[in-house]
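Note: hydrogens, waters and symmetry copies are ignored here, and every other heavy atom, side chains too, is used. Chain A is the first sequence line, chain B the second, and so forth, proteins listed ahead of strands; every chain is numbered from 1.
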Number of protein chains: 2
Amino acid sequence: MLKMARKSRASGSSVENGSMEKQADRIVQTLKSKKLRVTPQRFAVYANLLDRTDHPTAEQILHDLNQNAPTSSQATVYTSLQALRDVGLVREVLLEEGVCRYDANIAPHHHFRCKSCGKIEDIAWEQFQGIDLQRLRSGLKVEDYELTVRGLCDRCDRAS
Amino acid sequence: MLKMARKSRASGSSVENGSMEKQADRIVQTLKSKKLRVTPQRFAVYANLLDRTDHPTAEQILHDLNQNAPTSSQATVYTSLQALRDVGLVREVLLEEGVCRYDANIAPHHHFRCKSCGKIEDIAWEQFQGIDLQRLRSGLKVEDYELTVRGLCDRCDRAS
DNA sequence: TCTTAAATAAGAATTATTCTGAGTTTATAG
DNA sequence: CTATAAACTCAGAATAATTCTTATTTAAGA
Ligand SMILES: [Mn+2]
Ligand SMILES: [Mn+2]
Ligand SMILES: [Zn+2]
Ligand SMILES: [Zn+2]
């Protein structure tokens, strides 16, 4: 069970290229910098999330990780996600009722969700500069904000 | 069980004032206009939601309605909310993981959520005019959007 | 290498929501 | 004012997502 993380840190086998190793090292350093122990399960969850941009659910991550060899239990995927969220390495994205999605992109950004296929896409922060939060009711102290845009993605728009 | 809706339509008793009646009539008309049958339970759910601005959960509505006499079952509160949402008379507000809140304010508006006490407050649509959706990646067809602002409310800001 | 606080995992528990099916009610048409 | 049929309600069962419990294992520092 430990193999994977070990392997990523040890100098790789024949087919592995250097960039994957470097990425693994970066993940290890990131976790350590947050005082999180580097376990194979936690590593796998975070690496998986960093590797995708589709804002998966816990269930989808679990399925993806265990699709070949068993890697993490359900409970561990949930607690890994909580730990990663608690230290600010991942955030949750709430756009549908009863569905909690996760995102390793912690830079401020907005989201677009296709009403037809459910696809979620990041919108760069710079896309919406003009937002003037000063005009909010006085008394409210703003810490952060985010825009949610809904509509049709390319594919679904064409199909309809 | 039927009493409440009947009473609201019949010419009122001694203590009732006219505006409550008118409000009840308006609700009845609104439901009819959406081709929803006017049942006491559905009326109660919608009236309750129109009467508050705190974006309650289904559970909170249920509790509120049944606090004196039994009014609606849990299943009925859920299906009433679904029916009201399906015809566009209420919308759901998703700001916390695993919590679905409801809102009878269907005019476009934004939300503020206090990170400390969880209070949710509406932000008028006009507050943020400057948002330029044209700058979105071409290919995405925008249908609507909403801003979520997080921070501290008056009370929590003062207390901290 | 030793030590131990932290993490994992299987399965039970909890919680929110939906489903089922039998009985009731609303709205309408005669 | 009835009769009728589709729509609705409700109790309780079912489902699904997430959390909890606890015994066992492990990462990482001394
Ligand atoms: Mn994102
Ligand atoms: Mn609102
Ligand atoms: Zn789509
Ligand atoms: Zn507050």
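- Rounded to whole angstrom, the span from the CG atom of B/L94 across to the C1' atom of C/dT17 amounts to 14 Å.
- For the pair A/Y102 OH and D/dT18 C1', the computed distance is 9 Å after rounding to whole Å.
- Taking the charged nitrogens against the carboxylate oxygens, A/R52 and A/D64 do have a contact shorter than 4.0 Å, which makes a salt bridge.
- Considering only residues two or more places apart in sequence or on other chains, A/H111 meets the side-chain hydrogen bond (donor to acceptor under 3.5 Å, both in side chains) condition with A/H55, A/D103, A/H109, A/D122, A/E146.
- Taken to the nearest 0.5 Å, the SG atom of A/C114 stands 8.5 Å off from the CD atom of B/E143.
- As rounded to whole Å, 10 Å separates atom P of D/dT9 from atom CG of B/L84.
- Between the CD atom of B/Q82 and the C1' atom of D/dC8 there is a distance of 13 Å, rounded to whole Å.
- The side-chain hydrogen bond (donor to acceptor under 3.5 Å, both in side chains) search around B/N66 returns none, not counting sequence neighbours.
- One end of the helix from C/dT1-D/dA30 to C/dG30-D/dC1 points its axis 30° away from the other end's axis, with each axis taken from 5 pairs and the angle rounded to 10°.
- Contact check on B/R85 versus A/E97 returns a salt bridge, with a Lys/Arg side-chain nitrogen under 4.0 Å from an Asp/Glu carboxylate oxygen.
- In this structure, a donor-acceptor pair under 3.5 Å is absent between the side chains of A/T79 and A/T76.
- Among the nucleotides C/dT26, C/dA6, D/dC10, the one closest to the side chain of A/R37 is C/dA6.
- Under 4.0 angstrom from either OP1 or OP2 of D/dA7 there lies no side-chain N or O belonging to B/T39.
- Across D/dA27, D/dA11, D/dT9, the shortest atom-to-atom separation from the side chain of B/A75 is found for D/dA11.
- At whole-Å resolution of the value, CZ in B/R101 and P in C/dT17 are 11 Å apart.
- Checked by distance alone, A/R42 brings no side-chain donor or acceptor within 3.5 Å of a matching partner on the base of C/dA7.
- Contact annotation: B/Y78 reaches the phosphate of C/dT17 (side-chain N/O to OP1 or OP2, under 4.0 Å).
- Residue pairs satisfying the ring pair (Phe, Tyr, Trp, His ring centres under 6.0 Å) criterion with at least one member in residues 72-100 of chain A, sequence neighbours excluded, are absent.
- Salt bridge absent: A/R91 and A/D144 never bring a charged side-chain N and a carboxylate O closer than 4.0 Å.
- Rounded to whole Å, atom P of D/dC8 lies 14 Å from atom CG of B/L81.
- In the set C/dT17, D/dC8, D/dC10, D/dC10 carries the atom at the smallest distance from any side-chain atom of B/T76.
- Rounded to whole angstrom, the span from the CG atom of B/D86 across to the P atom of D/dC8 amounts to 11 Å.
- Comparing D/dT18, C/dT18, C/dA9 against the side chain of A/Q41 picks out C/dA9 as the nearest.
- Along DNA chain D, the nucleotide closest to B/K35 and the one closest to A/C100 are compared, and the more 5′ of them pairs with B/K35.
- Atom P of nucleotide C/dA6 and atom NZ of A/K32 are separated by 17 Å, given to the nearest angstrom.
- For the residue pair B/R26 and B/Q23, a side-chain donor N or O sits within less than 3.5 Å of a side-chain acceptor on the partner.
- For the segment residues 49-69 of chain A, the set of residues with a heavy atom within less than 4.0 Å of an atom of DNA chain C is empty.
- Take A/F128 and apply the ring-ring contact (aromatic ring centres under 6.0 Å, His included) test, not counting sequence neighbours, and it matches A/H110.
- Considering only side-chain N and O atoms, B/Q74 lies nowhere under 4.0 angstrom from the phosphate OP1 or OP2 of C/dT18.
- Ranked by how close their nearest DNA chain D nucleotide is to the 5' end, B/T79 and B/E97 are led by B/T79.
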